[in-house]
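One-based numbering along the sequence shown.
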Amino acid sequence: VLGLGRDEAIPPVSVRLGTTRGTNALLTRRGARTAFVTTQGFGDVLLIGNQNRPRLFDLAIEKPEPLFEETVEIAERLDAQGNVLMPPDESRVRLQLEQLRHTGVESIGICLLHAFANGAHEQIVERIAREVGFTEISTSSRLSPLIKIVSRGDTTIMDAYLNPILREYVQRLRASLPDSELRMMTSAGGLVDADSFVGKDSILSGPAGGVIGFSRVATAAGFAKSIGFDMGGTSTDVSRFDGEYELEFETQKAGVRIVAPMLAIETVAAGGGSVCGFDGVKLFVGPQSAGADPGPACYGRGGPLTVTDVN
């Protein structure tokens, strides 16, 4: 496109990019090692969830795997109006977070009870976490200051789970594109500076760009209504456009509740690179993906059987 040879440096350019890096990490459960930091007594609140039973008559209930591997309970409490009932003991919090640091956890999500009304305790925990060496920290009062602790906690943990992956991705892009303007597509269909791109806004980044794109093409071709079908390497995304972009503000993707504005897109973990296998009872597809390397078996690099090979 730029008329450059492979060994020539890319000059300063303006890049607008939609990416499925966050989506794929969530679908295949390949995010960062994450810990959940919450109020004492509520360590299992995200495991309990909201008790939804979408398949009421299943005898064997399969719950989605949690995104976090460690839980830290902080002795603090606010009431529903945000008034302090019990302030956190900073020395105790520091000790807990130092112990957490030694477990190898890379990222933490802080979601305290009633923090939607007062984020002061979360800010104290965040400050101490930075002092003990954590650099990847998501706090619910900043990300999603809403009254429901389960969906607020899920959103915060998902953000913490994906942020290190996205940060590394953006740093690699910046290294390849020095002095360039880099803007990323969010799940809601808007653009943000790459340094402001966070996990909770990344889930439908790539597909959202597809929705904006196909709707513009269809409109230009004279079609007021259109349907988008986007089959990639790890997922397949389906959406529709009827003159206005349809937004969802609370949804569930890949078994995780998310509270953030995003375009209404249905996604399933079945793309061209989705691995096909047999679990001893039935054939299955995904959610694991062969990626680009080794890729599907037909790439000739010793990859597994995938949807591409079946096709």
Side-chain angles (χ1 to χ4, degrees), residues 17-34 47 49 52-69 106 154 157-158 161-162 164-166 168-169 172 185 187 199-200 202-211 213-214 226-240 248 251-258 262-311:
L17 181 68
T19 176
T20 57
R21 185 58 58 96
T23 322
N24 294 350
L26 188 63
L27 286 170
T28 59
R29 292 298 195 261
R30 289 181 179 170
R33 294 183 62 187
T34 305
L47 300 178
N52 277 3
R53 289 279 298 277
R55 298 170 64 92
L56 195 59
F57 299 103
D58 277 7
L59 296 178
I61 307 299
E62 289 189 24
K63 296 178 69 174
E65 282 289 311
L67 301 182
F68 58 94
E69 60 180 74
E106 305 165 72
D154 274 338
I157 288 297
M158 186 204 63
Y161 185 71
L162 298 180
I165 307 297
L166 296 172
E168 180 188 351
Y169 178 61
R172 287 211 309 274
M185 175 72 68
S187 301
K200 80 176 179 71
S202 73
I203 296 304
L204 296 179
S205 167
V211 173
F214 87 71
S226 46
I227 290 175
F229 179 91
D230 175 7
M231 185 173 187
T234 306
S235 64
T236 295
D237 308 297
V238 182
S239 51
R240 66 186 179 88
E248 297 175 332
T251 185
Q252 187 161 325
K253 301 293 180 190
V256 180
R257 286 171 293 272
I258 305 163
M262 59 181 65
L263 290 169
I265 301 170
E266 295 300 323
T267 183
V268 292
S274 293
V275 176
C276 304
F278 180 66
D279 64 5
V281 177
K282 63 184 183 300
L283 296 167
F284 67 86
V285 177
Q288 299 302 323
S289 172
D293 188 4
C298 62
Y299 280 22
R301 296 196 185 111
L305 176 73
T306 69
V307 171
T308 295
D309 302 307
V310 174
N311 288 340

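- Every salt bridge (charged side-chain N to carboxylate O under 4.0 Å, His left out) that Arg33 has, sequence neighbours left out, goes to Glu69.
- When side chains are defined from C-beta on, Ser239 does not count as touching Leu263, because their heavy atoms never get closer than 4.5 Å.
- Under the ring pair (Phe, Tyr, Trp, His ring centres under 6.0 Å) criterion, Phe68 pairs with Phe36, sequence neighbours left out.
- Qualifying side-chain hydrogen bond (donor to acceptor under 3.5 Å, both in side chains) partners for Asn311, counting only residues two or more places apart in sequence or in other chains: none.
- Within the 3.5 Å criterion, the main-chain N or O of Pro164 finds no donor-acceptor partner in the side chain of Tyr169.
- Counting heavy-atom neighbours within 6.0 Å of Leu59 CG, excluding the residue itself, gives a total of 12 or less.
- No side-chain donor-acceptor contact under 3.5 Å links Tyr299 to the backbone of Ala292.
- Paired with Pro66 under the rule side chain to side chain contact (heavy atoms under 4.5 Å, CB included), one option of Leu47, Ile157, Asp154 passes, and it is Leu47.
- The heavy-atom pair separating Pro207 from Asp230 by the smallest distance is CA-OD2, 4.3 Å.
- Scanning for side-chain hydrogen bond (donor to acceptor under 3.5 Å, both in side chains) contacts around Thr251 gives Glu248, with sequence neighbours left out.
- For Glu106, the side-chain hydrogen bond (donor to acceptor under 3.5 Å, both in side chains) test picks out no residue, with sequence neighbours left out.
- A search for side-chain contact (heavy atoms from CB on, under 4.5 Å) contacts involving Thr234 returns Asn24, Leu27, Thr28, Ser289, not counting sequence neighbours.
- For Asp279, the side-chain hydrogen bond (donor to acceptor under 3.5 Å, both in side chains) partners at least two apart in sequence or on another chain are Lys282.
- Partners of Phe229 by side-chain contact (heavy atoms from CB on, under 4.5 Å), not counting sequence neighbours, listed by chain and number: Met231, Thr236, Val238.
- For Asp58, the salt bridge (charged side-chain N to carboxylate O under 4.0 Å, His left out) partners are Arg55, not counting sequence neighbours.
- In plain terms, the two heavy atoms of Phe284 and Phe278 that are nearest each other are CE2-N, 3.4 Å.
- Minimum interatomic distance between Ile165 and Tyr161 (heavy atoms only, all atoms of both residues): CG1-O, 4.2 Å.
- Put simply, the side chain of Ser205 does not reach to within 4.5 Å of the side chain of Thr23, judged on heavy atoms.
- Minimum heavy-atom separation, Ala208 to Met185: CB-CG, 4.1 Å.
- Partners of Thr306 according to the side-chain contact (heavy atoms from CB on, under 4.5 Å) rule, which considers only residues two or more places apart in sequence or in another chain, are Ala290, Pro296, Pro304, Thr308, Asp309.
- The two atoms that bring Arg21 and Thr19 nearest to each other are N-OG1, 3.0 Å, heavy atoms only.
- Listed by chain and number, the residues in a salt bridge (charged side-chain N to carboxylate O under 4.0 Å, His left out) with Glu266 amount to none (sequence neighbours excluded).
- Residue Arg301 holds its CZ atom at 5.0 Å from CG of Asp293, rounded to the nearest 0.5 Å.
- When side chains are defined from C-beta on, Leu162 counts as touching Ile203, because their heavy atoms get closer than 4.5 Å.
- Interatomic distance, Leu204 CG to Asp237 CG, rounded to the nearest 0.5 Å: 7.0 Å.
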